[in-house]
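Data first, discussion second: the structure below is written as structure tokens.
Each chain gets a letter, A, B and so on, in the order the sequences are listed, and its residues count up from 1.
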Amino acid sequence: MKTLLDRLERAGRFAENTALVVLVATMIGVSVFQIINRQLLGSSFSMSWADELVKLIVLWLAMVGSIAACRDNKHIRIDLVTHILSGAIVSWIKIIVDIFAAAVCAMIGWQAYRLVREEASWGDTVLTDIPLWLVHAIVPIAFALISYQFLVRVVKLLHRLFKPEQAEAAL
Amino acid sequence: MILVSLLLIVLAILGAPLFAIIATSAMVGFYNNETELMTIALELMSIAQMPILTAIPLFTFAGYLLSESNAPKRLVRLTSAMFGWMPGGLALVCLAACAFFTAFTGASGVTIIALGAILYPALKQDGYGDRFNLGLVTSSGSLGLLFAPSLPLILYGVVAEVSIDDLFRAGILPGLVMLVMLAGYSIWVNRENRKPMSTFSLREVGAALREAVWELPLPIVVLGGIYSGFFAVSEAAAITALYVFIIEVLINREIRFADLPRVIRESMVLVGGILMILGVSLASTYYMIDAEVPQKLFALVAELVSSQTSFLILLLLFLLVLGAILDIFSAIVLVVPLILPIAAGFGVNEVHLGIIFLAAMQLGYLTPPVGLNLFIASYRFEKPIMHVYSATFPFLLILMLSVILITFWPTLSLLFL
């Protein structure tokens, strides 16, 4: 169980990093080439797709970045409790808010899934021939993964609360 | 409805991720309003339709690369060569370097970590008092928020649909006012400590300039490019990202290729956090406008205050409380759409409103209970949080004065428009 979670964790981190590197590199590359094309090459390439692509990358960066933020526990929150309380109560509070977050993300993910399925039936495309729903599919996927991440953290917290010696050993 | 709101506030204070809180309030609103719940996904996806947003990941990436390289050290060396000979010089170095660095890295606490670590020991060595140093470094950590190309400025422009170029120009004088007032205070506090930290040497200035030769074009290209209108903001961001990558990774070789995935991840984690909050706030704003919340708020405020001056006083009080609870990014995406129409009703210019908003939120970095800079400084310099509070307090007062000045003197913000 532990090793499976660990392996998933490593694979997930690797996938996120790869996706982020590719997205950032593409974004910089396309944006800079667009400027070069306009300023130096007299717009000799037709780059009408570039603006659209870069904007879609922003959405993907937001989603993949959010998954990564969840894994690194870096989502923006009011970080007060950990500064004024200590001990088991902090763990219980974390468990409550993480269950809440997991439920909300599952709900958003579900709504996004419904929307994407509907978009698939409309047949809209972006970047000339890529189906819109395929590009938007990142949103339900991301929220499913984020929801899963919150649940994993709840499991880890519970584990640490009830089996502290095992949790220490695993660390 | 009130019960749900109370529950959400409790969850937020307990530390639930803010995006989940905002998303829930939007979905509950949709449900009560009989709006299709898919709207939340639709609004989230509309992130891909906002043109200027590309600047946020690009500038953040560039800022993180800079802070990972030795650029902070070079910046401190250069500013000390230029200002170090003056009495209180090192304090000025601290303020100038931090302001510059924050503008580029977006006030996410990176400044205290990257520059504070160099400046704090240097200040001590130079005979400045420990309390002063701690307060100075902590409050400098969010200075420069009003200078281009800071992330909060860009985000305000996106949310308020105000020209970012205008905002960049509007921030110059108010930002300088903050700098000058803090500098004046620092010199006054250290008036007994007359010993300048070094004599002025042209050779040292030259050496520092040579060392920083690759970074020097950066502010000229970015700021010059944007302020002159040669580049659009998102173009300047792309150029900056590529340029910083070339100089720090390929030329100075201070960041190894193997470190790049980590740096990209760290910067995009921040971007993901900000854009996620923006996305769900688009949904909650959609609901609030649908439910005519701004109009109701306006009616409420109009009963309380009757003139622009009294409105601005109320606004400032509100923003100070808001800044103490919420981080600057969440505050912008959540609150700006609500107060924008109200401010317009009282004849407050939307660019000026942005500057007031950000300047007041900057104080939030230093006010308990959740001031980010206080916690970072406490952690970084291993001082008790109460100690950091009290050391920062005089600086907070000075900054508050400057915010009042910025609020009630619109010309400061609007002179260059």
Met50(B) side chain near Lys55(A) side chain, heavy-atom distance below 4.5 Å: no
Relative to chain B, which of Lys74(A), Glu52(A), His136(A) shows the most heavy atom pairs under 4.5 Å? His136(A)
With a 4.5 angstrom heavy-atom cut-off, which part of Glu266(B) approaches chain A: side chain, backbone, both or neither? neither
Toward chain A, the part of Ile21(B) with a non-hydrogen atom under 4.5 Å: both
Leu58(B) portion near chain A, given a 4.5 angstrom heavy-atom threshold: side chain
Any side-chain heavy-atom pair of Glu235(B) and Ser31(A) under 4.5 Å: no
Go through the atoms of Leu44(B) and report whether side chain, backbone, both or neither lie under 4.5 Å from a heavy atom of chain A. both
Whatever's closer than 4.5 Å to a heavy atom in chain A on Phe245(B) counts as neither
Contact part of Leu8(B) toward chain A, heavy-atom cut-off under 4.5 Å: side chain, backbone, both or neither? side chain
Side chain to side chain contact (heavy atoms under 4.5 Å, CB included) assessment of Ser66(A) paired with Phe19(B): CA-CA 10 Å; Ser66(A) 272; Phe19(B) 83 85; over 6 Å; no
Portion of Pro57(B) that has a non-hydrogen atom of chain A nearer than 4.5 angstrom: side chain
Most heavy-atom pairs under 4.5 Å with chain B, out of Glu16(A), Arg13(A), Gln39(A), belong to Arg13(A)
Which one of Ile76(A), Leu59(A), Val81(A) has the most heavy-atom pairs closer than 4.5 Å to chain B? Ile76(A)
Taking side chain as everything from C-beta outward and backbone as N, CA, C, O, which of these in Ser330(B) sits under 4.5 Å from a heavy atom of chain A? Side chain, backbone, both or neither. side chain
From the list Val139(A), Asp72(A), Leu56(A), the residue making the most non-hydrogen contacts under 4.5 Å with chain B is Asp72(A)
Counting heavy-atom pairs under 4.5 angstrom with chain B, the leader among Glu118(A), Arg38(A), Arg71(A), Met107(A) is Arg38(A)
Salt bridge check, Asp327(B) against Arg77(A): does any charged N sit closer than 4.0 Å to a carboxylate O? no
Met63(A) side chain reached by Met45(B) side chain, heavy atoms, under 4.5 Å: no
Region of Leu11(B) that comes under 4.5 Å of a non-hydrogen atom in chain A: both
Against chain B, label Val30(A) side chain, backbone, both or neither, depending on which of its atoms sit under 4.5 Å from a heavy atom there. neither
Report yes if some heavy atom in the side chain of Val104(A) is under 4.5 Å from a heavy atom in the side chain of Met27(B); otherwise report no. yes
